[in-house]
Each structure stands twice: as C-alpha cells, then as structure tokens.
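Below: one structure, written as structure tokens.
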Amino acid sequence: MSNKIRMTQQQNLSIEKAMELYIRKAKVRNLSEDTLRTYQCHFNIFIRYINKETPISDVTSECLDGFIIYLRSTSKANEITINTYLRTMRAFLYFCMDCGYLEQYKIVMPKVEKKVKETYTDQELERLMKKPNINKCSFTEYRIWVFENYLLGTGNRLSSALNVRVKDIDFDSASILIRKTKNGKQQIIPSPILFPIV
C-alpha cells in the first residue's frame with residue numbers, strides 16, 4: 001500500500017473512529033478510569049456540535065472557533081469550563097495530527113480571567129470545625145466532622161480520601177497510605193489528625 005493511499009485512508013477517518021483510537025492509546029498509557037470518562041464526556045459535548053461521522057480532516061481551527069461560540073450560546077458553562085473542554089479537544093486533535101489523520105495547525109486557547117475563589121472566613125471555619133458533643137450528636141454528624149478534619153489535615157483530593165480503607169491507616173506512626181492519586185502513584189503521608197481523633 002502506497003504512502004499516498006495510506007494517508008488518504010487516515011484522513012478519511014471519522015471523528016468517532018479517531019476518538020476511539022485516542023481512547024485506546026490512553027488505555028495503553030494506563031490513564032485512570034476517571035480521566036477516560038472525562039475524555040468521553042468532553043467528546044460527547046463536541047459531537048453535539050459536529051456530527052460524529054464527520055471526517056477528522058474536516059476539523060479545522062475555524063471548526064474549533066465555531067465550537068467555542070456554540071458552547072457560549074447554548075450552554076451554561078463558564079469560560080473556565082469551556083477552556084477545560086477545549087484542552088481535552090486540543091490534546092485529541094494534536095494526537096490526530098501526530099498520527100497523520102489531520103493537517104498540522106496551532107490551537108490557541110482563549111484567554112480566561114481567573115477569579116479568586118471565595119473562601120471560608122475564620123469564624124466560619126471555627127464553626128465548621130467545632131467538635132460535636134459525642135454524647136449527644138448523631139453518628140452522621142460525628143462522621144462528617146471526622147471527614148472534614150481528615151480533608152483539612154491531609155489536603156487529599158476527594159477521590160483519594162474516599163478510597164482510604166481502615167487497613168491503610170497506621171495509627172502507630174500516624175501515617176496513611178494513599179492508594180488512589182491523580183498521577184497513579186501511591187503515597188504514604190504523615191497525618192497529625194490521627195492524634196486528636198482517636
């Protein structure tokens with residue numbers, strides 16, 4: 001098969017087929033299930049704008065411009081969320097360019113004004129972290145207080161915290177084995193919060 005014929009076949013791939021190949025490559029790289037679900041979710045949003053049978057070679061920079069306008073006019077997503085969708089699509093399209101499915105072009109992300117997130121005041125934190133009366137509070141109230149202390153003391157992501165098991169906690173050394181992390185590498189972290197809770 002000549003290089004010309006192979007290139008034509010590659011460029012005639014549908015967006016859907018190209019995304020399947022991209023997801024397959026992500027699985028080979030051993031990316032997390034959460035990441036794969038995010039890719040699929042963002043891809044589903046993209047194909048609401050453009051037909052999934054469209055040849056990948058038709059996805060130009062003008063097409064992405066149209067996608068941005070589409071998101072701004074039809075969704076309640078803010079600019080930061082839109083940029084998140086675009087980052088996923090940029091990674092996918094650069095993959096397609098590297099594989100020869102798509103002509104090379106530069107994808108420029110729109111500028112986004114990052115707002116400072118509103119945080120709790122000292123008074124709100126004090127109320128939130130106040131230890132409940134163990135003799136009177138419900139189990140749910142006490143459990144929430146313990147979990148709040150855990151998150152504050154470790155800085156873990158929610159997904160990491162929810163995957164901690166009793167066997168992962170070493171009370172003798174006041175440390176916790178974190179099995180689920182964003183980069184896939186397990187960690188052992190010191191945990192001073194173990195002392196006040198037990």
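L162 and I189 fall within a single hydrophobic cluster, where Ile, Leu, Val, Met, Phe, Trp and Tyr are joined by side-chain heavy atoms under 4.5 Å apart, directly or via other members. V146 and F139 are not part of a single hydrophobic cluster, where members link through side-chain heavy atoms under 4.5 Å apart. Under a hydrophobic clustering in which Ile, Leu, Val, Met, Phe, Trp and Tyr are joined whenever their side-chain heavy atoms come within less than 4.5 Å, directly or via other members, L125 and I144 fall into different clusters.
The line from CZ of R157 to OG1 of T181 is 9.0 Å long, rounded to the nearest 0.5 Å. Here I45 contributes atom CD1 and M89 contributes atom CE; the two are 10.0 Å apart, rounded to the nearest 0.5 Å. The distance from the CG atom of D98 to the NZ atom of K25 is 11.0 Å, given to the nearest 0.5 Å. Within the model, atoms NZ of K167 and CD1 of I169 stand 12.0 Å from one another, a figure rounded to the nearest 0.5 Å. Rounded to the nearest 0.5 angstrom, Q104 CD and L93 CG are separated by 11.0 Å. Expressed to the nearest 0.5 Å, how far CD of E53 lies from NZ of K17 amounts to 11.5 Å.
Scanning both residues, L102 and S57, for their nearest heavy atoms gives CD1-CA, 3.7 Å. In terms of heavy-atom proximity, W145 sits nearest to L128 at CD1-O, 4.5 Å. Annotation for I178 and Y150: closest pair CD1-OH, 3.5 Å, computed over non-hydrogen atoms. Minimum interatomic distance between I107 and Y94 (heavy atoms only, all atoms of both residues): N-OH, 3.0 Å. Counting all heavy atoms, side chain and backbone alike, F46 lies closest to I15 at CE2-CD1, 4.2 Å. Closest of all the heavy-atom pairs between A161 and L151 is CB-CD2, 3.8 Å.
Under a 3.5 Å cut-off, the side chain of N51 and the backbone N or O of I47 do not form any donor-acceptor pair. Checked by atom type and distance alone, the side chain of T54 never pairs as donor or acceptor with a backbone atom of I50 at under 3.5 Å. Looking at S75, its side chain does come within 3.5 Å of a backbone N or O of L71 through a donor-acceptor pair.
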* Step-by-step salt bridge (charged side-chain N to carboxylate O under 4.0 Å, His left out) determination, R165 to D168 -> CA-CA 5 Å; R165 300 293 177 260; D168 299 329; over 6 Å; no
* Verdict with reasoning, S138 to T140, per side chain to side chain donor-acceptor pair (under 3.5 Å) -> CA-CA 5 Å; S138 66; T140 300; 4.6 Å; no
* To do: Report the C-alpha separation of K27 and I23 in whole Å, then their side-chain angles, then the decisive distance to 0.1 Å, and conclude whether the side-chain contact (heavy atoms from CB on, under 4.5 Å) test is met.
  => CA-CA 6 Å; K27 289 179 179 178; I23 295 292; 3.9 Å; yes
* Mind running side-chain contact (heavy atoms from CB on, under 4.5 Å) on D170 and I176 for me, showing each step along the way? => CA-CA 6 Å; D170 187 338; I176 301 173; over 6 Å; no
* Mind running side chain to side chain donor-acceptor pair (under 3.5 Å) on T35 and S32 for me, showing each step along the way? => CA-CA 5 Å; T35 299; S32 73; 3.0 Å; yes
* To do: Take T60 and E62, measure what side chain to side chain donor-acceptor pair (under 3.5 Å) needs, and give me the verdict at the end.
  => CA-CA 5 Å; T60 61; E62 289 78 13; 3.2 Å; yes
* **Evaluation steps, side-chain contact (heavy atoms from CB on, under 4.5 Å), between I56 and F92** => CA-CA 11 Å; I56 188 62; F92 163 59; 3.9 Å; yes
* Begin with the C-alpha distance, continue with both residues' side-chain angles, and end with the deciding distance and a verdict on salt bridge (charged side-chain N to carboxylate O under 4.0 Å, His left out) for E79 and R72. => CA-CA 8 Å; E79 290 297 315; R72 287 175 179 163; 3.0 Å; yes
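Ring geometry, Y22 versus F95: the interplanar angle falls from 30° to 60°, so the pair is classed tilted. Using the six-membered ring where Trp is involved, F67 and Y70 have ring planes that are parallel, under 30° apart on the 30 and 60° scheme.
Considering only heavy atoms from C-beta on, M109 comes within 4.5 Å of R90 through its side chain. Side-chain atoms of K130 and R127, non-hydrogen and from C-beta on, never get closer than 4.5 Å to each other. Residues F147 and L158 have side chains in contact (heavy-atom distance under 4.5 Å, counting atoms from C-beta outward). Put simply, the side chain of Y101 does not reach to within 4.5 Å of the side chain of V59, judged on heavy atoms. Under the 4.5 Å side-chain criterion, counting only non-hydrogen atoms from C-beta, L177 is in contact with R179. Two residues are said to be in side-chain contact when any heavy atoms from C-beta on lie closer than 4.5 Å; C63 and Y49 meet this criterion. Looking at heavy atoms from C-beta onward, T38 lies out of side-chain contact with T84 at the 4.5 angstrom threshold.
For K180, the NZ atom is densely surrounded, since the number of other residues' heavy atoms within 6.0 Å is greater than 12. Counted within 6.0 Å of CD on E124, heavy atoms from surrounding residues, nucleotides or ligands total more than 12; the atom is thus considered enclosed. Counted within 6.0 Å of CD1 on I188, heavy atoms from surrounding residues, nucleotides or ligands total 12 or fewer; the atom is thus considered open.
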